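Structure first, then comments.
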Protein chains: 2
Amino acid sequence: MSSGSPAAEHVLAVLDFLSHGKGPVPAATISRTLGIPRSTTYQLLEALSARGFATHFPDDRTWGLGVRAFEIGSGYAKQQPLVLMSAQLLRQLAHDLQVGTHLAVLHGLDVIYLVEERSTHGPWLVSEVGVRLPAHLTATGRAILAHLPKNQMRALYPHGSTLLPVRQNRGPKSVRDLRDLLQQTRQRGWSIENEEITPGFFSVATVIRDYTGWPAAAIALTGDKEKVENDIPGLAQRLMQVATTIETRLGGTGGI
Amino acid sequence: MSSGSPAAEHVLAVLDFLSHGKGPVPAATISRTLGIPRSTTYQLLEALSARGFATHFPDDRTWGLGVRAFEIGSGYAKQQPLVLMSAQLLRQLAHDLQVGTHLAVLHGLDVIYLVEERSTHGPWLVSEVGVRLPAHLTATGRAILAHLPKNQMRALYPHGSTLLPVRQNRGPKSVRDLRDLLQQTRQRGWSIENEEITPGFFSVATVIRDYTGWPAAAIALTGDKEKVENDIPGLAQRLMQVATTIETRLGGTGGI
DNA sequence: AGAATATGTCCGGTATATCAGACAGGAAGT
DNA sequence: ACTTCCTGTCTGATATACCGGACATATTCT
């Protein structure tokens with residue numbers, strides 16, 4: 001659906017494109033990839049760089065993201081009480097249990113990680129902030145999907161027989177498999193992800209509901225498989241305690 | 001200077017505006033504040049929300065930032081080798097010394113914090129990521145300004161007698177005062193900020209140069225004044241070691 | 001050294017996007 | 001219940017922005 005302002009759409013497309021790449025690119029690459037005429041592309045880059053959203057590198061004759069993009073992202077995080085509140089509690093939990101912890105929200109069929117707290121000396125995790133992964137393959141995604149209303153689930157995954165993309169050749173292969181998995185998640189009150197994203201790692205997650213009861217986010221802890229499997233219910237319990245604390249502070253219903 | 005694409009400028013203005021607020025606002029507020037006609041404002045909001053940069057809250061009849069704004073910010077951080085590399089080292093330093101650490105870059109007359117690592121149980125610091133503060137009042141800003149070429153300094157602060165904004169009624173009051181302060185910073189190799197931003201806190205910072213020798217960023221540690229003042233040279237030494245490690249890994253000149 | 005290619009800027013014709021205003025519906029105030 | 005105000009959508013006239021192409025300069029290739 002067109003907004004009726006193609007220049008606005010194009011400039012956002014350029015911003016999007018610059019943020020997904022590995023770094024600065026020539027203007028011709030932007031023009032060609034996005035199908036925007038050359039002179040128009042320069043106008044859009046001028047608008048972006050005037051506000052610091054893009055930066056020109058004359059030496060390399062390339063254009064890259066500007067630091068204002070970073071400020072926009074931080075502005076978003078700052079406006080989310082959920083993010084601010086969770087970060088502190090998740091850092092404490094990461095330290096106490098010596099695991100990684102994170103918070104993610106659903107966006108389409110993906111989750112996006114908004115908070116990530118590693119334990120000191122902890123390994124790099126794929127759930128770095130800003131990363132997006134298929135919801136059905138992640139513990140956080142499953143925790144959220146499990147508590148979506150049926151109509152929402154149907155809108156996201158219309159046909160039971162539809163095959164789902166997998167990684168490490170693990171994970172639910174069809175929407176029907178996913179539904180079964182989510183049924184188990186609802187019964188337990190927490191979800192797991194067993195080496196379906198990264199070999200050797202195991203995650204436990206639980207949902208965070210907002211004040212309307214909507215599954216707004218999920219928090220998870222991730223650790224070495226051998227260590228986490230020793231006490232999954234215990235870890236899940238700690239996680240749900242943190243989730244309840246977050247919901248209470250946010251004025252959530254806590255699962256009503 | 002106009003880019004020749006007012007719609008592009010306006011949509012970026014809306015994005016900027018949404019990111020600086022405390023949260024979602026009515027469309028009329030956006031229209032009035034930015035001086036954009038109502039129907040045009042709805043078109044721009046449609047373009048923003050189509051890509052997830054803005055979110056509509058029908059219940060409150062307001063518009064707020066979307067999670068894609070967060071992704072853009074993370075995209076920026078991910079593309080900066082300096083950010084990725086520094087975060088790990090600063091986290092280690094924060095843990096070892098039980099202080100807060102951070103990294104900032106210069107943007108105009110301000111610094112923007114790109115990395116912040118607190119010690120476990122450490123207090124909330126004003127240098128949260130995304131925050132911007134006047135460069136002349138911060139340890140990181142002073143560390144960067146001290147190593148800018150003379151013409152750059154003159155461009156930023158043209159007249160020696162110009163008064164500078166202060167906080168806590170401390171800090172250099174004129175550009176001339178600032179120059180003296182920066183001279184001391186150059187001589188020592190590190191800068192300090194003594195309760196000029198937050199009462200009770202003391203910061204030490206040192207510059208990070210890129211491969212051309214340009215002062216690209218600065219790293220700092222911040223702690224309780226009484227604790228830090230015990231061993232400023234020792235802490236500064238540790239900080240400069242970290243800075244050298246970062247520069248070496250980035251292929252910097254290390255202060256040539 | 002010369003040719004080819006790419007970048008960045010500029011210009012003007014024409015297709016079209018902007019925007020004032022109308023309208024419908026919802027929320028707030030009386 | 002009624003009135004007022006606000007939000008969100010829609011329409012069409014006209015001012016203007018988009019974009020093809022030209023040009024200058026820089027970089028890369030032969």
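A, B, ... follow the sequence lines: proteins, then strands. Residue 1 opens every chain. As the structure is a prediction and not an experimental result, all values here were calculated from the model. Below, all heavy atoms of this structure are taken into account, side chains as well, without hydrogens, waters or symmetry copies.
Protein atom CH2 of A:Trp63 is 6 Å distant from nucleotide atom P of C:dG8, rounded to whole Å. The interatomic distance linking A:Asp60 (CG) with C:dA6 (C1') rounds to 14 Å, in whole Å. At whole-Å resolution of the value, CG in A:Leu44 and P in C:dG8 are 14 Å apart.
Screening B:Leu65, B:Leu34, B:Ile36 for a side-chain contact (heavy atoms from CB on, under 4.5 Å) involving B:Phe17 leaves a single residue, B:Leu34.
Between A:Leu44 and A:Ala7, the shortest heavy-atom contact is CD2-O, 4.0 Å. Contact detail for B:Thr62 and B:Pro24: the closest heavy-atom pair is OG1-CB, 3.3 Å.
Annotation: of the two residues near DNA chain C, A:Ser5 and A:His56, the 5′-most nearest-nucleotide partner is A:His56. In terms of position on DNA chain C, the residue among A:Pro6 and A:Arg61 whose nearest nucleotide sits closer to the 5' end is A:Arg61.
Within 6.0 Å of atom CZ in A:Arg179, more than 12 heavy atoms from other residues, nucleotides or ligands are found, so the atom counts as buried in its surroundings. By the 6.0 Å contact criterion, CZ on B:Arg51 is enclosed, its count of non-hydrogen atoms from other residues, nucleotides or ligands being greater than 12. Counting non-hydrogen atoms of neighbouring residues, nucleotides and ligands closer than 6.0 angstrom, the CD atom of B:Gln152 exceeds 12 such neighbours.
Evaluation of the salt bridge (charged side-chain N to carboxylate O under 4.0 Å, His left out) test over residues 130-147 of chain B, restricted to residues two or more places apart or in two chains, returns A:Glu71-B:Arg132, B:Asp110-B:Arg132, B:Arg142-B:Glu196.
Relative ring orientation between B:Tyr42 and B:Trp63 is described as perpendicular, the plane-to-plane angle rising above 60° on a 0-90° scale split at 30° and 60°.
Partners of A:Arg32 by side-chain hydrogen bond (donor to acceptor under 3.5 Å, both in side chains), not counting sequence neighbours: none found.
Less than 4.0 Å separates DNA chain D from at least one heavy atom of each of the following residues of residues 31-42 of chain A: A:Pro37, A:Arg38, A:Ser39, A:Thr40. Of the residues in residues 10-27 of chain B, not one places a heavy atom less than 4.0 Å from an atom of DNA chain C.
When DNA chain D is scanned in the 5' to 3' direction for atoms under 4.0 Å from non-hydrogen atoms of chain B, the outermost contacting nucleotides are D:dC6 to D:dC18.
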Task: side-chain contact (heavy atoms from CB on, under 4.5 Å) assessment of B:Leu12 paired with B:Asp16 - done: CA-CA 6 Å; B:Leu12 295 177; B:Asp16 223 346; over 6 Å; no
- [ ] Starting from the C-alpha separation in whole Å, work towards a yes-or-no answer on side-chain contact (heavy atoms from CB on, under 4.5 Å) for B:Leu90 and B:His102.
- [x] CA-CA 7 Å; B:Leu90 290 177; B:His102 42 274; 5.7 Å; no
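For the pair B:Gln43 and C:dT18, the criterion of a side-chain N or O lying under 4.0 Å from OP1 or OP2 is met.
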TODO: Represent DNA chain C in dot-bracket notation, 5' to 3'. Only Watson-Crick or G-U wobble pairs with both distances under 3.5 Å count; pseudoknot-style crossings use [ ] and interstrand partners use |.
DONE: ||||||||||||||||||||||||||||||
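B:Gln88 and B:Arg91 form no side-chain donor-acceptor contact under 3.5 Å, judged by distance and modelled atom types alone.
Looking only at distances, a side-chain donor or acceptor of A:Gln79 sits under 3.5 Å from a matching main-chain atom of B:Gly21.
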